[in-house]
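These notes concern the structure reproduced below.
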Amino acid sequence: MATETPLPDEFDVVAVYHRLLANDHDLTMPVAAIEALVEAMATSSTQTVSETMRNLEKHTNTLKSSVANPISLSAGTDLFQRYLVTTLNRPSAGVASPSGAGDFDAIRNHLLSNGRLFAERAKASRNKIASFGRNLVRDGATVLTNGGSRVVAALLRSVAETGSVRFKVVYVLDSDADSQEGEWSGTAIVAMLRARGIPVATIPDSAVAYSLGKIDIVIVGAEGVVENGGIISRLGTYQIGLLAKAKQKPFYVVAESHKFVKLFPLNQYDLPIKQRILDFKVGKEGELVSTENESQGGYTVEDEGVDFSDSGVSEGKTRRKCSGSSEDPVDYTPPNLISGILTESGVLTPSAVSEELIKIWF
Amino acid sequence: MSRSTTIQAPGLSSYLKSLRSTPVEASIEHFISLLKRRQIRNSRPCALATTQLLIQVVKEFKGKDADKLLRRIRDVGRRLIAAQPREMVVGNIVRRVLGLIREIKDDDADADSNAVNSDAGSPTPHHDSLNRPHLASSISTFSPLRHGALPPMDTTSGPESLADSGELPHRPALFSSHTSYAPLGTSLFGLFSQPDTPSNTSTPTGRHSPTGKHTMTASALERIGESTILKRTNIKAEVLEGMNELQDELEQSDDQIAANALDHIHSNEIILTHTASTSVQKFLLAAAKKRKFTVVHAEAHPNDHDAVHATILTGKKRDAEVISEEAGDRWKPLTAAGITVVLIPDSHVFAIMARVNKVILATHSVLANGGLVAAAGARVIASAAKVHRTPVVVVTGVYKLSPVYPFDIDELIEYGDAGNVVPYDDGDFVDKVDVDNPLYDYVPPELVDLYVTNLGGHAPSYLYRIVADHYHPDDINLSGAVERDEK
Amino acid sequence: MGPKGKKGQAADKAKSGEVEREDPLQAVILADPFETRFNPFTLERPRCLLPLANTPLIEYTFEFLANAGVEEVFVYCGAHTDLVDDYVQRSKWSSLSSPFSKINTIHSTAQSIGDAMRDLDKKGILTGDFLLVYGDVVSNLPLESALAAHRARRAANKDAIMTMVLREAGTTHRTKAQGTCPVFVIDPRKDRCLHFEQMPNREHNKFLSIDPGLLSSYQELDVRQDLIDCGIDICTPDVLALWSDNFDFQAPRKGFLHSVLKDYDLNGKTIHTHIVTDHYAARVRNLHAYDSISKDIVSRWAYPLCPDSNLLRGQSYRLQKGNIYKEQGVILARSCIINRKTVIGRDTSVGEGSVISNSIIGRGCVIGRNVAIDGAYIWDNTRIGDGSSVKRAILASEVSVGRTCKVEPGALISYGVTISDGMTIGGDHRITRAKRRREKNEDVERGEPNIAIVGQGGDGFEYLDDEEEDEDEVVEGLTPTGLIYNLSSLALSTDSISTLNSNSESDISQEYTQRSASGSFVSIDSVESESGHAKHFDHDAASSIYDSLEAGHESANIQLELTSLRMSLNASEHQVRRAVAVAFVKRVSQVIKSGVEAKQAVAQVFDPHKSLLKRISFDKEEAAKVDQVDFLLLLQKELASREKGDIILLQASMKLYQMDVLQPEAVEQWWADAKATGTEALVNVRQKTQPFIEFLENQSEEDSEGESEEESELE
């Protein structure tokens, strides 16, 4: 991980963030981010609202800039931010400062004392989603999935453990997923399922269209669910979605609601991250020069405050080689391809997502 | 049963009659068996019966504790739904009633919280109460009171949330739930929300913060709050009132729907419809008052064709129950209103679709994803309409709108008496051939263009909103089944 | 409630007001049809509690009654009353919320439906019109129309006492009674049943005898045999009265219906039919019907009476494509295959590679690996070992079948039987653990396991009761062969036993010969072991014959009376002979007491009744004169106790010989018969007859005058 030099602030939020991720493999990036921020709050001795907010802002930016693909992470940080904002800047706080302060303290205490709780809640919501799997995966069904999504894995596992449901899994493993390690890599999940007696077939991306004929339902995870109900997910999801649509197969997304992120991508290249997927090159063998073309997603969002310095780019280059599950290339699957988004509170149609996001932002 | 009619087989009318005179438990069981025996079937009768029954349940309910009442209704609801899960209307009504109770209960809770705060000597309550009305919009949903400052509010709901059939500790907190039925708004923040059981211990009983006092006084006031509930609001009365409104909604939904007729049916159109549906009939009749058009009626063989023929001739089904329940208003067939009616077999639908301007479908129940379950044959019609780019309008009362998400379509489809397809006398068939007779079809949302409910017209993709407005998220997971809806 | 709602209510009231009746509709369920067709299962459980598609039979009947709006139900039980009563008490039907305002179980010692009806008449609990159904009716038809029609007729004519509800079914139908068919002759204009005949549909019996009067008096007659008689009768109390008047009626159709229609001129009662062409109605009258009705239910012909409407509390069946019903908690191995039309109850587990089709499997069963089950009925908690195959058989609860067993079509395996590994159960086997019918409050008495059948370590033995045995041969001939051979053959075989006390199908004449054949083997001292009503017969018959002898009635009349009595009480020929013997001996000894010489007495008593006496033995042609021997034995036994018995015996035997009732061979066989010298008394009483025997032996050449010198000798 290319970590930037810790900010003057004595607290290295990035380090904490990575520590959290390292310690707990079940932890998703948003939650890790939130926890990191909470710890930051704990250390900082801020008493006033504005100070806290500023502090928070700073840490958030540090975090975002520290990783190549801050989308899912930002889901967490934004959520946290919005929570504080809405709770602290509500009318009453302004009027009656005593009670306002009191509320602030109360909230602060509440957050600090329940720090660990968030992670557990996050997992709880994952398990809840998993428990819906029973309805999604029917007896005799064949499920197609991809990527190394924890939620999908948890869901399939819970279905497998019911025993009464007999289903097969077709797992799309792309080359660098195979090279992955860690318990949530595609290979690991496949192994886990097979160990539970679930027949699993692993296919390359190129075989999706071929296999779809035998598929009853497509289930994918997501790094982030964007405002229009589309998802940002592991590279290859988009094409699966397209194919599923073409084949009239139900295409379900499973994602905890804290993965909802305030983004409105208009197309694939409209993501606030830099990916070197379309890497046009010229020249002879040996010294290939990559043409720095603008056609791809070089679009930087100001409010993200991420400056894609050369270090960022080079880091982007290196990512292709040393790919950690967090920095896989992603693509954007538009909502019209999605039959439903399964969150811990039930199934949403894509159109319902934006409403929820709007609610917390405005 | 003190049912003194010996000839008449039990049915909706006899049941409604018996309700008055029968102990509630008996009525519940009776209703269950009627559902199982399919002696009360189809949305409207089920809805009516359920409402009436629940009214009785509430009436006999002793005590004033809203939570107890909630639990009671939920238990009854579970049993009813288990009896005939495919009559989703039953579940809908139960959920509506539950939502009703919650609302009333939360109003009280409000009052209490105000009381609490004012006790705490903070001006906030006035603010609260002032912007309570426009709280309904959105941001107010997260009035932090429920998160940080007033743990007790959550503790009140503690036991109840536990009763929520295995709900996880994380649950939308109280206020939000009543200010707007947008649970997810809170569940996005659910991550942070005050945990119910575990962390009340872990939350600092603010030594240095007024919240401390709040909690004290508040928790102290809880009991008083309870008592104030007792003397101030009689929950039962309010609930019953609400249920009567619900009742009226059932009674009037058809007419309200029909009010929209002129917006959708224009002169000289050719309308294709299917099955004998009271709603559709009224809809068409309303339009017929002003405009002349042609109705092509697919007869819905083999399960509903008799009713269809009857409807076309006399304007009402021969079905005893429907008569008894529609007895109030007079009927006349479309033909009497000067409408040309063409009866076609279902097999002719595709052929004639090219000439049809609009398809108007009745439905058995509408699902949260915008799809619907309607009499068998509906899907053929909808698909044919799709091919011919003919708009499909579904006419339904909101009470048919179910928050259940259709994970498994097969479970929603009822298979009926095979004897309707092939007469049972035909020994060879009975012996050698498997005869299936599905009563319903599932029509996916993409085949529907518009829903016309008693609230007006909605696009299928908008239904989730109506669901959210009518059902409380905690009630969707009623029958213990893990099925949830979209918000 | 909204204004419209009010109106609706009012309308309801008004509407139902029209059909308001003062007296509640009552129904009688004959829980025990006094048959043995479901043996061996009915040894341990009452028939109406046997599971049909995993729901006790009687539940369907209750549902039907509730459906029809019945309010008071009387469950009339014979055997296993305690079980039935217990069940009813626990069922939802006797709960507060039951649709029935009253539900009673009536225990009775009745031995036939006839007795039951008479008993009911005595009890006088049935005030108004009532439904008479069996505890095994499966039907979803609404009765309003039938009831209405019935009441209309009632109002018009008091004599329209009964309406039979019949379901129309094609000429060939699996649910129709196999082997025989009831024929209804109906006046279509009045729906009146004019004639009823139970026809065994066998090649050599295609004739229906209709009173020509009918043909002349009605220009239109329906002769229908395409009807399923589901035993649903709407009766008026008069029906009960009629039963009581005719003490000899036993079967509602064969006996009651047939005769009431026959002597319409006497009683003037009319019986009507209500023929339904839609809805479902059938009776689980025998194992074959059990088979087909189960199929009907699974393939939803009886909708809404199907597994997934979960009639019973706690059931949780879900319908899947292809009429597969699974209850929650069914555990299926990944590789097992569940084919169409299958029902599987809760907590049943199916092992790898097993294939199940067209079967009904109860709760808590354990199906091993690679098991093939087809068309089988497996009740609760049964275990089937790996590699076994079960085809078209019935396995009751708690049965345990070992590995690689083969249960062939038609096999019946009763409660708790254990089949050890590798056995093959032939289709004709009926295996049970119960020796005989379980009596009230006692445990089933277990028999010794028959290793040959159930294998080493198995438990259970072939179920045979001597009646059954000789029936089966009879049955062979008349059962349609084919897959359902065994099921239906059983049904029929048991029909013919219970002909007289059930409305079953096999014909009487058949009955006689069987009876005589079997009866004659019964030892003389078997009186005690005879069933209750048989005892009645002995007494009634003997006394009636005696009386008529005393009164010097025509032999023919006595004969007639005897036959009717015999038929009514299901007595064996053996009993008839005993009765005759007793009566005649009694009479003779009485005459002698009055001072008449023995010889004259015998002559006086016997002479007029040659025909009667001839009529009691059927073995003139056969070599072994079993019947005559039997009669002699009976005489001998009877006389052993009387004074001058020996002389009377001598005289009687000679007289019978002269009257050619006895043939010499018979007498000799009798003499040789071991039973004849069973006891001291028997030996003594025989002594005087010694010379007669000797005479018989050397009389082959000169008979007539030999006889005269015979007599001279004796003087």
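Just so it is clear: chains get the letters A, B, ... in the order the sequence lines come, proteins before strands, and each one is counted from 1.
In this structure a side-chain-to-backbone donor-acceptor pair under 3.5 Å is present from A:Arg166 to C:Cys336.
Heavy-atom distances place no part of C:Ile331 under 4.5 Å from chain A, backbone and side chain included.
Rounding to the nearest 0.5 angstrom, the gap separating the NZ atom in C:Lys326 from the CG atom in A:Asp139 is 4.5 Å.
By the 6.0 Å contact criterion, CZ on C:Arg383 is open, its count of non-hydrogen atoms from other residues, nucleotides or ligands being 12 or less.
Nearest approach of C:Arg334 to A:Pro199, heavy atoms of both residues: CD-CD, 4.0 Å.
For the side-chain contact (heavy atoms from CB on, under 4.5 Å) test, residues two or more places apart in sequence or in another chain that qualify with A:Thr142 are A:Lys168, A:Val170, A:Ile215, A:Asp216.
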Donor-acceptor pairs under 3.5 angstrom involving side-chain atoms of residues 360-371 of chain C: please list them, not counting sequence neighbours.
from, atom 1, to, atom 2, distance (Å)
C:Arg363, NE, C:Glu327, OE1, 3.0
C:Arg363, NE, C:Glu327, OE2, 3.3
C:Arg363, NH2, C:Gly314, O, 3.0
C:Arg363, NH2, C:Glu327, OE2, 2.3
C:Arg369, NH1, C:Asp386, OD2, 2.9

